[in-house]
Amino acid sequence: MTATYTFDIFTTLDGYANHKGDWGGYWGKQGPEFLAHRAAAYRDPLRMVLGARTYQSNAPFLAEGFDRDLFDEWITRMFDSPVTVLSSRLTEPLDWPGTTIESGDPVEVVSRLKAESDVPLRSHGSLRLNRALLDAGLIDAIELTIFPVISGATGADRVFDGVGDFDLELLDARTFDGDTQVLTYRPIRHGS
């Protein structure tokens, strides 16, 4: 049985995964329903798959003495999950407990992980990695959280820049706190 791979990404309505403005985390739009949904999504065992930049952006929060009570519940659960970091430049040991580094071709590594893992695979962020995996046909689901903002002036990192064309089959659609959409799609290469 092949493990499923979910690309989990936050975005603005205009398609940015990050910002260079004063929005704050979640673009300031997190609410209790959304945070409960996130906690539930990370409740069952899973393996995180991250690129080096996403790992490095989270590593400072794993330092000894960092107050984990500052995190939302889903982030604590993500940090407690085993992680595979795809990188040719990082070396072990890493600060994130249960983390291994794979330095091979990401498509080959994730193909092997999908074949060998007994838990679902999930990646939060890691845009370059997930763009390559999408184009390779290895992503089973895209869980797209759309925060109700347009960040045209301060947006950074467009989510799907550079990927091929895909049709999307809607698997699930939910609205949290009256305005945050979580859409889950199965990607299908256009023209297949």
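FYI, the numbering just counts along the sequence from 1. Quantities reported herein were computed from a predicted structural model and do not represent experimental measurements.
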Practice task
Kindly determine whether His37 and Phe176 satisfy ring-ring contact (aromatic ring centres under 6.0 Å, His included), including the steps that lead there.
Solution key: CA-CA 8 Å; His37 165 75; Phe176 296 100; 4.6 Å; yes
Exercise for the section: State whether a side-chain donor-acceptor pair under 3.5 Å links Arg47 with Thr84. Expected result: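 Distance-only check passes for Arg47 and Thr84.
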Problem - Worked check of side-chain hydrogen bond (donor to acceptor under 3.5 Å, both in side chains) between Glu143 and Thr6 - result: CA-CA 7 Å; Glu143 185 174 304; Thr6 299; over 6 Å; no
Practice task
Please examine the side chains of Val85 and Leu90, heavy atoms only from C-beta on, and report whether any two atoms are closer than 4.5 Å.
Solution key: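 Leu90 vs Val85: side chains touch.
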Exercise for the section: Would you indicate whether the side-chain heavy atoms of Ile188 and Glu169 approach each other to under 4.5 Å? Expected result: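 With C-beta onward as the side chain, the pair touches.
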Any donor-acceptor N/O pair, [X] side chain to [Y] backbone, under 3.5 Å:
X      : Y      : answer
Thr12  : Tyr16  : yes
His124 : Asp8   : yes
Arg186 : Leu170 : no
Ser123 : Val49  : yes
Ser87  : Ala52  : no
Ser57  : Thr54  : yes

Handout entry: Distance under 6.0 Å and angle within 45° of ring axis: Arg122 vs Tyr5
Key =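 Judged by the rule, Arg122 and Tyr5 form no cation-pi pair.
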Exercise for the section: Identify which one of Phe34, Phe10, Phe147 satisfies the ring pair (Phe, Tyr, Trp, His ring centres under 6.0 Å) criterion when paired with Trp27. Expected result: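 Between Trp27 and the candidates, ring pair (Phe, Tyr, Trp, His ring centres under 6.0 Å) is satisfied uniquely by Phe147.
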